[in-house]
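Structure first, commentary second.
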Amino acid sequence: MGQEQFVLKEKESITKRPYVLATVMLAMFMAAIEATIVATAMPAIVAELEDFSLYSWVFSSYLLMNAVTVLIYGKLSDLFGRKPVLTIGIVIFLIGSILCGTASSMEMLIFARFVQGFGAGAVMPIATTIVGDIYTKEERAKIQGYLSSVWGISAIMGPAIGGLLVEFVSWRFVFWINIPLGILAIIGLYLFLQENIEKRKPQVDYGGAIFLTIAVTSFMFILVEGGVRFDWLSLPVLLLCLLSIFSFIVFVFYERKVDEPMMPFELWKERSILVANLTSLTTGVIVIGLSTFLPTFVQGVMEEKPIVAGFTLTTMSIGWPIAAMISGRAILKIGFRTTSIFGGISLILGSIVFIFLSSGDSPVFAAFGSFLIGTGMGLTTTAFIVSIQSTVEWNKRGVATATNMFMRNVGSTIGAALLGGILNSQLISFFKSEGVDNELNLDSTTLILDHQQRTSLTSQALMILQEGLEMALHNVFLVILGFAVLSFILITFLPKKEKI
């Protein structure tokens, strides 16, 4: 503790901590507002670009690259310092944002989201790691609450701005709004953050990245297209399943042999880190499921405007920072485990709300469920990050923080694919059961996501589409509840004796 405080005081003499914190929060705001704006705008985007079957790929492509690159960026930041690596990530993210805003088809948008996700992998973990570098263990609990407030600010501004842009300008500005934010963040990094890093010869684990990418991509493809484009028991699905399993096994063996693995498995020997990482995987599914499909329910089933759909997501991101600030203080008094248990209970209660959500309910009811989910995420994620950063040394803090966020990103990647696949397959089954599969398909669903197109439908077609979407989304919400229960079970395995 004494040595860490000495290092922090020495860094503070040349690093202006309040300005660095503001810069880090700006970079995180850029990534956070992207999530809330895109989710709000997606019904409008898919209504213009069409091809509803690719809906979940817009999220999955971004999350896939984010998940795979986050570990590489974490390792590079331990080798070369936080500032240059974070700068590179922001630049790539901005390039991807420009491409997203110029996309003329869903395929082009998905490719642009790949690029955007490639850069986004640097933003959240390294920004969080910088805070771990310049503040003491006791200070981190409070500062993590400040970082989480970014989600609240973006939640209020994101859906509101996104809804206004979609209605009065164009959904393309949803992506272009990132550009000034990213430029300001880069300027702040070079003005206020000073690092004295002993650079080592880079040993980047490209092999591990390749094997992991193949494993996650093939598994994600099965979840999205299984039961839709390919039968579950078809040869393509079987081959993809074998490829995913084989690649993951090779990845694990490969990581155990390389000198500088992208995922150092020795970190997982710490019980608190193991539980935190596994729980982050399951909560990642919950967050992406809500962020991706709640706006679809509100706009398609409840027939509300995009700005109202954005409001229902806003409450999740308001509950998140409020709970995070409470969590920062609570872990000092009642410990990581008890704080996380309260978070797990909130996740279950929020998921139950969506099970009972119907077309006749007020959007306020949906917003209440979102708030409970945000509260659960705020309590758990803050406890996990502070616990992990307090467990490892500086030269492993970057990759340790990145590993936890990697697990959440993988959860989000799998969740977007899994839940998207469930939605598509359930809709197809519903159309067949109603005997309208020749007249209606997945792309027909986009018609009820746009007010003008909705009015062109016959009353019977509108009723069938809304009933099918409501049924399919309820099944999605049931799976989310299952993951909330699993998250709570995992949290109970956190060690009872803990130190900060």
remark   = Residues I90 and A185: closest non-hydrogen pair is CD1-CB, 4.1 Å
query = What are the two closest non-hydrogen atoms of T339 and I334, and how far apart are they?
reply = OG1-CG1, 3.5 Å
request  = Report yes if some heavy atom in the side chain of F297 is under 4.5 Å from a heavy atom in the side chain of T312; otherwise report no.
outcome  = no
query = Is any side-chain heavy atom of F311 less than 4.5 Å from a side-chain heavy atom of E304?
reply = no
ask   = Are T279 and T380 side-chain neighbours, meaning at least one heavy-atom pair lies under 4.5 Å?
value = no
Candidate pair N178 and Q116, rule side chain to side chain contact (heavy atoms under 4.5 Å, CB included), full reasoning = CA-CA 11 Å; N178 295 319; Q116 198 180 32; 3.7 Å; yes
query = Between L423 and F293, is a side chain to side chain contact (heavy atoms under 4.5 Å, CB included) present by the stated rule, with each step listed?
reply = CA-CA 9 Å; L423 178 68; F293 299 110; 3.5 Å; yes
query = Is the CZ atom of F365 crowded by more than 12 outside heavy atoms at less than 6.0 Å?
reply = yes
query = Does CZ belonging to F483 count more than 12 external heavy atoms closer than 6.0 Å?
reply = no
Could you go through residues 465-478 and list every donor-acceptor pair under 3.5 Å that involves a side-chain atom there, pairing it with any protein atom two or more places apart or in another chain?
{"unit_1": "Q466", "atom_1": "NE2", "unit_2": "G300", "atom_2": "O", "d": "3.2"}
{"unit_1": "Q466", "atom_1": "NE2", "unit_2": "E303", "atom_2": "OE2", "d": "2.7"}
{"unit_1": "E470", "atom_1": "OE2", "unit_2": "S359", "atom_2": "N", "d": "3.4"}
{"unit_1": "H474", "atom_1": "ND1", "unit_2": "E470", "atom_2": "O", "d": "3.4"}
{"unit_1": "H474", "atom_1": "NE2", "unit_2": "L357", "atom_2": "O", "d": "2.4"}
{"unit_1": "N475", "atom_1": "ND2", "unit_2": "Q426", "atom_2": "OE1", "d": "2.8"}
{"unit_1": "N475", "atom_1": "ND2", "unit_2": "M471", "atom_2": "O", "d": "3.4"}

task = List the steps and the verdict of side chain to side chain contact (heavy atoms under 4.5 Å, CB included) for L274 and F493.
result = CA-CA 10 Å; L274 172 64; F493 286 95; over 6 Å; no
task = Only counting residues at least two apart or in another chain, list the ones meeting side chain to side chain contact (heavy atoms under 4.5 Å, CB included) with L240.
result = S218, F221, I222
request  = Would you check, one step at a time, whether the test side chain to side chain contact (heavy atoms under 4.5 Å, CB included) holds for F488 with L347?
outcome  = CA-CA 8 Å; F488 178 80; L347 290 173; over 6 Å; no
request  = Could you tell me whether a side-chain N or O of R408 sits under 3.5 Å from a main-chain N or O of N404, the two making a donor and an acceptor?
outcome  = no
Sub-4.5 Å side-chain heavy-atom contact between F114 and L99 = no
task = Sort and list the pairs that fulfil salt bridge (charged side-chain N to carboxylate O under 4.0 Å, His left out) and have at least one residue in residues 170-180, not counting sequence neighbours.
result = E48-R172
Gap separating the CZ atom of F354 from the CG atom of L481, nearest 0.5 angstrom = 11.5 Å
query = So does F368 have more than 12 non-hydrogen atoms from other groups sitting under 6.0 Å from CZ?
reply = no
request  = Would you check if the side chain of S244 reaches a backbone N or O of A215 as a donor-acceptor pair within less than 3.5 Å?
outcome  = yes
inquiry  = For the OG atom of S351 and the CD1 atom of I286, what is their distance to the nearest 0.5 Å?
reply    = 5.5 Å
message = Just to verify, what does F118 make a ring pair (Phe, Tyr, Trp, His ring centres under 6.0 Å) with, not counting sequence neighbours?
response = none
message = Is a donor from one side chain sitting under 3.5 angstrom from an acceptor on the other, for N277 and S280?
response = no
query = Which pairs, with at least one residue in residues 98-126 and sequence neighbours excluded, count as a salt bridge (charged side-chain N to carboxylate O under 4.0 Å, His left out)?
reply = E34-R113
query = How about L294 and M316: do any of their side-chain heavy atoms sit closer than 4.5 Å?
reply = no
message = Can you confirm whether more than 12 heavy atoms, excluding those of F342, are under 6.0 Å from its CZ atom?
response = no
inquiry  = Quick check: closest heavy atoms across V479 and I422, and the distance to 0.1 Å?
reply    = CG2-CD1, 3.6 Å
ask   = Can you list every salt bridge (charged side-chain N to carboxylate O under 4.0 Å, His left out) pair that touches residues 372-391, not counting sequence neighbours?
value = none
ask   = Are side-chain heavy atoms of S105 and L49 found at a separation under 4.5 Å?
value = no
task = Heavy atoms only: give me the nearest I98-W176 pair and the separation to one decimal.
result = O-NE1, 3.5 Å
key: Sub-4.5 Å side-chain heavy-atom contact between D361 and S358   = yes
key: Sub-4.5 Å side-chain heavy-atom contact between I480 and L419   = yes
